[in-house]
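The chain is numbered in sequence order, starting from 1. Computation of the quantities below employed the complete heavy-atom set of this structure, encompassing side-chain atoms and omitting hydrogens, waters and symmetry-equivalent molecules. In each ligand, atom 1 is the first atom listed, and ligand 1 is the first ligand listed.
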Amino acid sequence: MPPYNAGVKLELRGHTLDLERPRLMGVLNVTPDSFSDGGRYPSVEAALARARTMQAEGADLIDVGGESTRPGAAPVSPDEEKRRVLPVLEALLELGIPVSIDTRKPEVAAEALALGAHLLNDVGGLRDGRMVRLAAEYGVPVVIMHSPVNDPQTMMQHARYDDVVREVAGFLRHQAEGALAAGVPAVVLDPGFGFGKRLEHNLELLRRLDELASLGHPVLAGLSRKRTIGELTGVDAPERRVCGSVAAHLAAVARGARILRVHDVAAHAQALAVWNGVEA
Ligand code: HH2
């Protein structure tokens with residue numbers, strides 16, 4: 001296995017995530033409109049049950065989000081997003097597994113971190129300085145995700161790159177340096193598959209993911225059930241894109257990804273068990 005950041009440990013407020021082997025982040029969307037699991041967990045109890053299942057299937061952390069960021073998604077107010085995620089987050093924190101908060105809003109991040117969230121997953125790529133200050137204040141690592149603009153409604157209009165890998169790497173390096181200089185303890189880099197990127201961009205980023213891994217920080221890949229998988233396979237229904245998602249994620253692991261953000265934890269846990277057995 002390539003030595004990209006193997007041996008790195010992420011300290012998550014009392015939990016240690018050892019990235020010696022690839023890890024699974026289970027997706028929990030408490031939204032009415034997420035592209036593949038929207039509306040499935042309308043109550044705290046349903047969300048908690050889903051998280052428990054993912055934990056039993058082998059998730060190493062749970063990523064909770066209350067705003068769909070699929071292309072063209074309607075924005076959600078901070079109050080509505082808080083209403084959706086905070087009660088669920090509070091329940092998840094009892095599970096004894098690290099929980100990340102998936103948001104691009106400082107108002108939401110502030111309350112989630114005050115409650116005890118272990119990791120900040122900023123799909124806005126730390127463009128808002130308040131996110132940097134919050135992560136530094138609470139001493140939590142941040143996932144810095146690339147998107148050409150911090151706006152799901154218009155991001156696909158910005159899917160134009162000369163060299164997508166160079167541009168994404170440049171953005172992530174710059175944001176990482178700023179965050180670390182401001183006191184954020186650690187960063188995870190994420191190319192933001194599908195965020196203002198078309199099939200050719202997503203494939204180029206996946207093929208050359210080792211260039212992001214060589215920046216010296218752990219890399220997270222999130223291709224689960226996404227349109228790229230549908231375009232390559234011809235499978236329309238997102239929940240039927242499991243095998244394609246696993247294949248894409250193993251390609252990412254082969255190029256240095258250490259965290260996979262997935263809906264289908266059991267399938268990925270099985271794939272990684274084989275991967276780890278081969279690479280041991
Ligand atoms: N993708 C989505 C949401 N959050 N966070 C990171 N770090 N990386 C990603 O690739 C990523 C993310 C979009 O997927 P999903 O949550 O399944 O859908 P939706 O945005 O419709 O809720």
dist Asp128:CG -> Asn150:CG (nearest 0.5 Å) comes out at 8.0 Å
With Asp60 as partner, the option from Arg21, Gln55, His15, Arg23 fulfilling side chain to side chain donor-acceptor pair (under 3.5 Å) is Arg23
The answer for which part of Thr69 has a heavy atom under 4.0 Å from ligand 1 is both
When you compare ligand 1 with Arg261, is there at least one nitrogen or oxygen pair between them that comes in under 3.5 angstrom?
yes
One finds that the ligand 1 atoms under 4.0 Å from a non-hydrogen atom of His263 are 17 (O)
Exercise. Considering distance alone, does some N or O of Asp102 sit under 3.5 Å from an N or O of ligand 1?
Worked result: yes
CZ (Arg240) and OG1 (Thr233) are apart, to the nearest 0.5 Å, by 9.0 Å
Nearest non-hydrogen contact to atom 19 (P) of ligand 1 from the set Ser68, Ser224, Ser147 belongs to Ser68
Here the atoms of ligand 1 under 4.0 Å from any heavy atom belonging to Asn29 are 15 (P), 16 (O), 17 (O), 18 (O), 22 (O)
Polar proximity ligand 1 side, Glu67 side, N/O cut 3.5 Å exclusive: no
Between the CD1 atom in Ile144 and the NE2 atom in His174, the distance rounded to the nearest 0.5 Å is 11.0 Å
Atom 22 (O) of ligand 1 sits nearest the protein heavy atom Ser34 OG, 2.4 Å
Check: of Asp33, Thr31, Asp190, min heavy-atom distance to atom 6 (C) of ligand 1 comes from Asp190
dist Ile97:CD1 -> Met54:CE (nearest 0.5 Å) comes out at 8.0 Å
Note: ligand 1 atoms sitting under 4.0 Å from heavy atoms of Arg70 are 20 (O), 21 (O)
When distances are taken from atom 5 (N) of ligand 1, the protein heavy atom at minimum range is Asn121 ND2, 3.1 Å
For Val143, the atoms of ligand 1 under 4.0 Å from one of its heavy atoms are 7 (N)
When rounded to the nearest 0.5 Å, the distance separating NE2 of His249 from NE2 of His268 is 5.0 Å
Do NZ/NE/NH1/NH2 and the carboxylate oxygens of Arg84 and Glu81 come within less than 4.0 Å? no
Regarding Asp63 and Ser100, is there a side-chain donor-to-acceptor distance under 3.5 Å anywhere? yes
Margin query: For ligand 1 and Val123, I'd like to know whether there is a polar contact (N/O to N/O, distance under 3.5 Å).
Written below: no
Counting both backbone and side chain atoms, is some N or O of Lys226 under 3.5 Å from an N or O of ligand 1? yes
Whether Arg255 and Glu211 form a salt bridge (side-chain N of Lys/Arg under 4.0 Å from carboxylate O of Asp/Glu) is what I want to check.
no
- Task: Evaluate the criterion side-chain hydrogen bond (donor to acceptor under 3.5 Å, both in side chains) for residue pair Arg225 and Ser36; output intermediate values, then yes/no.
- Result: CA-CA 7 Å; Arg225 301 183 177 181; Ser36 84; 3.2 Å; yes
Under 4.0 Å between heavy atoms, the region of Met145 that gets near ligand 1 turns out to be side chain
